[in-house]
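Heads up: the structure comes next, in structure tokens.
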Protein chains: 2
Amino acid sequence: MTDVSGKKRVNLRDVAKAAGVSVATVSRVLNSPNAVTEKTRTRVQEVIDQLNFVPSAAARAINSGRTRFVGALVPTLDNAIFARFLAALERTLGEHQLSLVVATTNSDQELEANKAKGLLDIGAEGLIVSGITHSADLRALIDRARVPTIATSYFDKSCALPTIGYDNCGAALLALEHLYDLGHRRVAVVHGPAQNNDRTQDRIRGLKLFEQKTELSWVEAPIGLQGGAEAARQVLSHGPKPDAILCLSDVLAMGMLFGLQGMGVSVPQDLSLMGIDDLPGSAVTVPPLSTVHLPVHRMGEQAATALANWVEHDTRPDHQQLDAHLIVRGSTVRRKRNG
Amino acid sequence: MTDVSGKKRVNLRDVAKAAGVSVATVSRVLNSPNAVTEKTRTRVQEVIDQLNFVPSAAARAINSGRTRFVGALVPTLDNAIFARFLAALERTLGEHQLSLVVATTNSDQELEANKAKGLLDIGAEGLIVSGITHSADLRALIDRARVPTIATSYFDKSCALPTIGYDNCGAALLALEHLYDLGHRRVAVVHGPAQNNDRTQDRIRGLKLFEQKTELSWVEAPIGLQGGAEAARQVLSHGPKPDAILCLSDVLAMGMLFGLQGMGVSVPQDLSLMGIDDLPGSAVTVPPLSTVHLPVHRMGEQAATALANWVEHDTRPDHQQLDAHLIVRGSTVRRKRNG
DNA sequence: ATGAAAGCGCTAACAA
DNA sequence: TTGTTAGCGCTTTCAT
């Protein structure tokens, strides 16, 4: 702290002096209270409270090697799905007395590696990354520094990093199967930028597994309501009208809903529409959006807990698969005989 | 860093030894390069690069008092408006080599004070808070510790803290005047939880200034699409149908749009609808949303720059008012004679 | 311009 | 159980 204030911060020695004990004892009541007599402990604690003593995080870090914060690298804050994830992450890390430093990567692997390095340089004890595809630099960095690092939003037990996430491929398939079951055969798929985004790539891969049974067309659009709305135009202007539109994220689907509405296309009368994510708002759109629920909140909690344990007790977590499940609402209906 | 890895991190001494200079010299090329001969400087720099030396942030902090990070306290991440603000804040702080630690307060002043204390304890050099109303604890904390702190999302030059934000009262008024100009006299106002949220309170205050000229009714709803959608029911079930609905945030307005749509009410034919915020998605709703643009992105940039300068050069920033302006789109139209 | 050395506030051996 | 003391890696006088 740039001690602008006159009197400098109270330190261990001040407390020790005031309590009539040694610095070691004060340090003990802070770090291993059981190693101190109850009597001295309470006395010291009183002095600590009275003097409003707060141990210097820096001094502590330099000795114990603990900084008590971890870093999270996410593509963007500007998407409710990550914001929700981070909210849960932060809350749960807090329960473990860990702070969270957020860095956004804009889905740029080089930027991601740089920011990760920055986080490590300032002492991050662990890292949360999105997905399993990262630059060689970042992988080397994590390897070399042996930083506890968890990959999220993706489940892949063959990944070198522990993954905590869902099966993106399966989630997409869940959606497409639902549309298939409803009789839709011609499906337009709208997805965010696939480059540098393995979650999206994996969802696309899932859909391709189904390509014999359905006729798929593809549109890439920037994530966001705008992107979804603009995609509507593309979907309807090229080729024959699809039976259904599958957006690989809910914001895209909401944007699509507006886009279609603007063009006079009714959902689900004219075509079915689905998303993936299940944002809170997806239940109140008109019609309410069928989607695949992705448990990002739980993902945040589990990632936080796993990372905290790894950092604190050096216990590397196992991969954790979270369940993604279909949510059928009003935006998807059985295909009418003469569409 | 809990040095799990075998060989420990390179330190200043290692560099000094390898370069054949003293630790002081190495420290100098790091912190005041001009105080060193070009020759030695380059030589030392080479060794630094070669050994991949990164100064310990903790050790640096303990000496210089600099931790190079600041904290931001926001009500929630789960609202695009804050996410956008933080994105800009983070980006711009990065340009000043400052990291950002985010803490969410859930609009709870006590929680806010606790989290602020936590941030300060771990060495935050500055703070960004939302609004100007805070617990006595927090005010005392900021005062006592003399932490550079900027209040955002609110402009009030009489505030003890420098404020960087817009005139919430005026922004709301801008919206209501627009509705008034279109001939609307009966306006339902939908706002988020007002308790503990001075931005909302100030917007409400603004509207009340206009209460002689318009007949205002009030509905409070949780922020989010859901909240907005549910508010639709309330707005239309109590009392006579309003000429227009003014939502004090865009997400609420979007939710309202869905809610109305679900009830068979057309915007803007049956009534006009406005928001405040101007989210990117607000331009693509159907109809596109009239709103008041709040420059949160610029706010993030300016807050970051101001805080960075305060922290680095001890220059307390002035209050900065950002311009909020009306955006007229399709959701508001002139009131028809026989509504 | 450079180096030697004294800390910064704390933790962790080690001793008592 | 408690105290003494040696660092941790760096910055910063103060000499040279």
Side-chain angles (χ1 to χ4, degrees), chain A residues 1-5 7-45 47-48 51-68 120-123 125 312, chain B residues 1-5 7-45 47-48 51-68 120-123 125 312:
Chain A
M1 273 67 348
T2 332
D3 235 313
V4 188
S5 51
K7 41 206 69 181
K8 58 196 247 297
R9 211 168 129 157
V10 189
N11 65 21
L12 250 202
R13 227 182 4 259
D14 299 331
V15 176
K17 207 170 294 171
V21 296
S22 73
V23 290
T25 300
V26 180
S27 177
R28 279 186 200 107
V29 346
L30 255 29
N31 301 301
S32 36
N34 302 334
V36 178
T37 332
E38 169 152 8
K39 215 163 97 180
T40 37
R41 193 195 324 154
T42 46
R43 181 156 42 93
V44 170
Q45 190 58 59
V47 176
I48 286 177
L51 262 50
N52 223 310
F53 166 68
V54 175
S56 146
R60 190 166 249 186
I62 210 181
N63 287 289
S64 63
R66 300 288 320 268
T67 56
R68 306 216 68 91
L120 260 22
D121 287 352
I122 62 175
E125 294 190 60
E312 307 267 347
Chain B
M1 279 66 343
T2 333
D3 235 313
V4 190
S5 52
K7 41 207 69 184
K8 56 198 247 299
R9 217 168 125 154
V10 251
N11 63 21
L12 249 202
R13 222 178 11 255
D14 300 331
V15 176
K17 207 170 295 171
V21 296
S22 74
V23 291
T25 300
V26 181
S27 177
R28 279 186 201 107
V29 347
L30 255 27
N31 301 301
S32 35
N34 302 335
V36 178
T37 331
E38 168 151 11
K39 215 163 96 179
T40 37
R41 193 195 324 154
T42 46
R43 181 156 42 94
V44 170
Q45 191 58 58
V47 176
I48 287 178
L51 264 47
N52 222 310
F53 166 67
V54 175
S56 146
R60 188 165 252 187
I62 211 182
N63 287 289
S64 63
R66 301 288 322 268
T67 57
R68 307 215 69 90
L120 259 23
D121 287 352
I122 62 174
E125 295 189 59
E312 308 266 347

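Computed from a predicted structure; not experimentally measured. Letters A, B, ... are given to chains in the order of the sequence lines, protein chains preceding strands, and every chain is numbered from 1. Side chains included, hydrogens not; waters and symmetry mates left out as well; all remaining heavy atoms used.
Note on Ser27(A): every side-chain N or O is 4.0 Å or more away from OP1 and OP2 of dA12(C). In this model, the phosphate group of dG9(D) is approached by a side-chain N or O of Asn11(B) to a distance below 4.0 Å at OP1 or OP2. Side-chain N/O atoms of Ser64(B) include none lying less than 4.0 angstrom from OP1 or OP2 on dT11(D). Within the 4.0 Å cut-off from OP1 or OP2 of dT11(C), not a single side-chain nitrogen or oxygen of Arg28(A) is found. Here Ser56(A) does not reach the OP1 or OP2 of dG9(C): none of its side-chain N or O atoms lies under 4.0 Å away. Considering only side-chain N and O atoms, Thr25(A) lies under 4.0 angstrom from the phosphate OP1 or OP2 of dG3(D).
Nearest to the side chain of Ala24(B), among dT2(C), dG3(C), dG9(D), sits dG3(C). The side chain of Asn63(B) approaches dG9(D) more closely than any other nucleotide in the set dG3(C), dC10(C), dG9(D).
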Walk me through whether Val26(B) and Val21(B) qualify under side chain to side chain contact (heavy atoms under 4.5 Å, CB included).
CA-CA 7 Å; Val26(B) 181; Val21(B) 296; 3.8 Å; yes
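Looking at which nucleotide of DNA chain C each of Gly20(B) and Arg60(A) is closest to, the 5′-most match is held by Gly20(B). Place Thr37(B) and Leu12(A) on DNA chain C by their nearest nucleotides, and Thr37(B) ends up nearer the 5' end. Nearest-nucleotide positions on DNA chain D for Arg41(A) and Val23(A) put Arg41(A) closer to the 5' end.
The distance between atom CG of Leu30(B) and atom P of dG9(D), rounded to the nearest whole Å, is 15 Å. Nucleotide dT2(C) holds its C1' atom 14 Å from the NZ atom of Lys39(B), rounded to whole Å.
The shortest side-chain heavy-atom distance between Leu30(A) and Ile48(A) falls under the 4.5 Å cut-off.
Between the axis at the start and the axis at the end of the helix from dA1(C)-dT16(D) to dA16(C)-dT1(D) there is an angle of 30°, using five pairs per end and rounding to 10 degrees.
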